[in-house]
K.L.:
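Please read through the structure below; I'll follow up with questions.
Side chains are part of it too, since the values below use all heavy atoms of this structure and drop only hydrogens, waters and symmetry mates. Note that the structure is a prediction, hence the values are computed from the model and not measured. Proteins come first, then strands; the chains are lettered A, B, ... in the order of their sequence lines, and each starts at number 1.
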There are 2 protein chains.
Amino acid sequence: MSSVREKILDVAGNLFFQYGYRAIGIDMIIAESQIAKATLYRHFKSKDDLIVAYLEEMNRQFWAWFDGATTPHDNPKDQLIAVFDALQKLVSTPTCYGCPFLIAASEFPDPTHPGHEVARRNKELVQARLSALCHAMGAKNADALANQLYLMMDGAFIAVRMYGVNNPANGVGEFARQMVACAIGA
Amino acid sequence: MSSVREKILDVAGNLFFQYGYRAIGIDMIIAESQIAKATLYRHFKSKDDLIVAYLEEMNRQFWAWFDGATTPHDNPKDQLIAVFDALQKLVSTPTCYGCPFLIAASEFPDPTHPGHEVARRNKELVQARLSALCHAMGAKNADALANQLYLMMDGAFIAVRMYGVNNPANGVGEFARQMVACAIGA
DNA sequence: ATGATAAAAGACAGACCTGTCTATCTATAA
DNA sequence: TTATAGATAGACAGGTCTGTCTTTTATCAT
């Protein structure tokens, strides 16, 4: 377990997340993390490899965040709402620059690009998880509700990139509550 | 009114939209549109200038599309739903690669970047228009509904870039109907 | 027909990109 | 102590980027 590798991943990730994958060059990463270029290429085969490694790490952190939101609750409805409350908090955080997966898919629209693939796998799992929670909740139109919530989540993430910290997603927790209430006929 | 300018704008725009602003270079644009580099730089001061011109043209086309959806209807509720029906149709079109404004904001996150500014102005107007329709409709929580619909619209656009033509926004018209029905207490 | 305008083709500059390489230094382990 | 591994600094290659410039050709109005 090399700490150098983690340092590179951390610095590169922060730069990618804030400025975009194409906007950040290798030279910028090695300058910012104060390592040699050969060191970077010893740990990562290529820039794409580094991007994929970052996205996979973000995927792990995303699910830690997601599970961290749901586990305190014991029923699907509260778990679902907890996710969107956590999302509302996240999109109000100054260090949140959107969603690494959406940015990756936007910059690498080719679905066969390795970065796009990792991003897409994450989103497909999110869809599946939301759908499972909606079904477990016994919502009238579970699939439709899950898709609505999914679109709203990504809409929230992209709103952060457009508007920064003061974005139209600062009420997304309450929005989810309304949609869920409507779907279960409360 | 130069047709050369329009041709450049058309070719460059299609490339930007499909592959991204940073991914497409000037050389690619002049090769694809079969013009000389000097010709491009006679019509556009810089690449950023070309990007801004494209985004402004897209803004015009966006509002033509939006108004084209609303004008056949005479009440705010039907107008609102018509927009999302049109959106559903749009995100199922193979030549739709997402939203030029979201892509621009994603690739140029700096809010002072000229491309980001044009994109943001468009989105702010969309928010305002949706909000006006929700208020005119007499929705219970008009601002909240407008924001929900806004987030869902951008979620739909970004889903196109992530998933292509088979995306989770292919029911967004019905989703909007449900949300509106819920908000007006039908 | 002639002068002016604009376009085409492409060389060019200077910067930046990814990725490889060499040479040197340092730390650790046998 | 000495060998090995990994780090550093940075030159370098080959390509691409934006933007400028020159030269030649075509178009158009007078």
K.L.:
Taking the side chain from B:Thr39 and the backbone from B:Ile35, do they hold a donor-acceptor pair closer than 3.5 Å?
P.N.:
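Not confirmed, B:Thr39 side chain does not pair with B:Ile35 backbone.
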K.L.:
Starting at atom CZ of A:Arg5, determine the distance to atom P of D:dA7, rounded to an integer number of angstrom.
P.N.:
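To the nearest whole Å, that distance equals 12 Å.
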K.L.:
What is the separation between atom CZ on A:Arg42 and atom P on D:dG6, rounded to the nearest whole Å?
P.N.:
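It works out to 7 Å between those atoms.
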K.L.:
Testing the basics here: between A:Ala144 and B:Gln178, what is the closest heavy-atom pair and its distance to 0.1 Å?
P.N.:
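Closest heavy-atom pair between A:Ala144 and B:Gln178: CB-NE2, 4.2 Å.
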K.L.:
Quick one: sort the B:Tyr54 and B:Phe16 rings into parallel, tilted or perpendicular, breaks at 30° and 60°.
P.N.:
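B:Tyr54 and B:Phe16: tilted rings.
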K.L.:
Could you state the atom-to-atom distance from CG of B:Leu40 to P of C:dA6 in whole Å?
P.N.:
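Computing the B:Leu40:CG to C:dA6:P distance gives 16 Å.
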K.L.:
Can you confirm whether the side chains of A:Ser46 and A:Asp48 place a donor and an acceptor under 3.5 Å from each other?
P.N.:
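Absent: no donor and acceptor within the cut-off.
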K.L.:
Okay, side chain of B:Lys7, backbone of B:Ser33: is any donor-acceptor separation there less than 3.5 Å?
P.N.:
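Judged by distance alone, yes, a pair lies under 3.5 Å.
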K.L.:
Find the distance between CE (A:Met58) and CZ (A:Arg60) and round it off to the nearest 0.5 Å.
P.N.:
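CZ of A:Arg60 is found 9.0 Å from CE of A:Met58.
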K.L.:
Specify the separation, in whole Å, of atom CD1 of B:Ile8 and atom P of C:dA6.
P.N.:
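B:Ile8 atom CD1 is separated from C:dA6 atom P by 13 Å.
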K.L.:
Output a table of nitrogen or oxygen pairs between the protein and nucleotides 14-20 of chain D separated by less than 3.5 Å.
P.N.:
unit_1: D:dT18; atom_1: OP1; unit_2: B:Lys47; atom_2: NZ; d: 3.0
unit_1: D:dT18; atom_1: OP2; unit_2: B:Ile26; atom_2: N; d: 2.5
unit_1: D:dG19; atom_1: OP2; unit_2: B:Tyr41; atom_2: OH; d: 3.1
unit_1: D:dG19; atom_1: OP2; unit_2: B:Lys47; atom_2: N; d: 2.8
unit_1: D:dG19; atom_1: N7; unit_2: B:Lys37; atom_2: NZ; d: 3.3
unit_1: D:dG19; atom_1: O6; unit_2: B:Lys37; atom_2: NZ; d: 2.7

K.L.:
Looking only at side chains, do B:Tyr163 and A:Gln127 share a donor and an acceptor under 3.5 Å apart?
P.N.:
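Note: B:Tyr163 and A:Gln127 side chains meet the donor-acceptor criterion.
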K.L.:
Given 3.5 Å as the limit, does a donor-acceptor pair link the side chain of A:His116 with the main chain of A:Phe108, or not?
P.N.:
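Between the backbone of A:Phe108 and the side chain of A:His116 there is a qualifying donor-acceptor contact (under 3.5 Å).
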K.L.:
Let me know the distance between CD1 of A:Ile35 and P of C:dT26, rounded to the nearest Å.
P.N.:
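Result: 19 Å.
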K.L.:
C:dA6 phosphate, OP1 or OP2: any side-chain N/O from B:His43 under 4.0 angstrom?
P.N.:
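Indeed not, no polar side-chain atom of B:His43 lies that close.
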K.L.:
Please test B:Tyr97 against B:Val160 for side chain to side chain contact (heavy atoms under 4.5 Å, CB included), starting from the C-alpha separation and ending with a verdict.
P.N.:
CA-CA 6 Å; B:Tyr97 302 108; B:Val160 178; 5.7 Å; no
K.L.:
Side chain of B:Ala36: nearest nucleotide among C:dA6, D:dA7, C:dA9?
P.N.:
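Selected nucleotide (nearest to the side chain): C:dA9.
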K.L.:
Send over the distance from A:Ile30 CD1 to D:dA7 P, rounded to a whole Å.
P.N.:
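That distance rounds to 14 Å.
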K.L.:
Provide, to the nearest angstrom, the distance between the CD atom belonging to A:Gln34 and the C1' atom belonging to D:dA9.
P.N.:
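Rounding to the nearest Å, CD of A:Gln34 and C1' of D:dA9 are 13 Å apart.
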K.L.:
Scan residues 12-20 of chain B against DNA chain D and write down, sorted by residue number, each residue with any heavy atom closer than 4.0 Å; if none is found, say none.
P.N.:
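Result for residues 12-20 of chain B: none.
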K.L.:
I need the CD-P distance between B:Glu6 and C:dA7, as an integer number of Å.
P.N.:
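B:Glu6 atom CD is separated from C:dA7 atom P by 13 Å.
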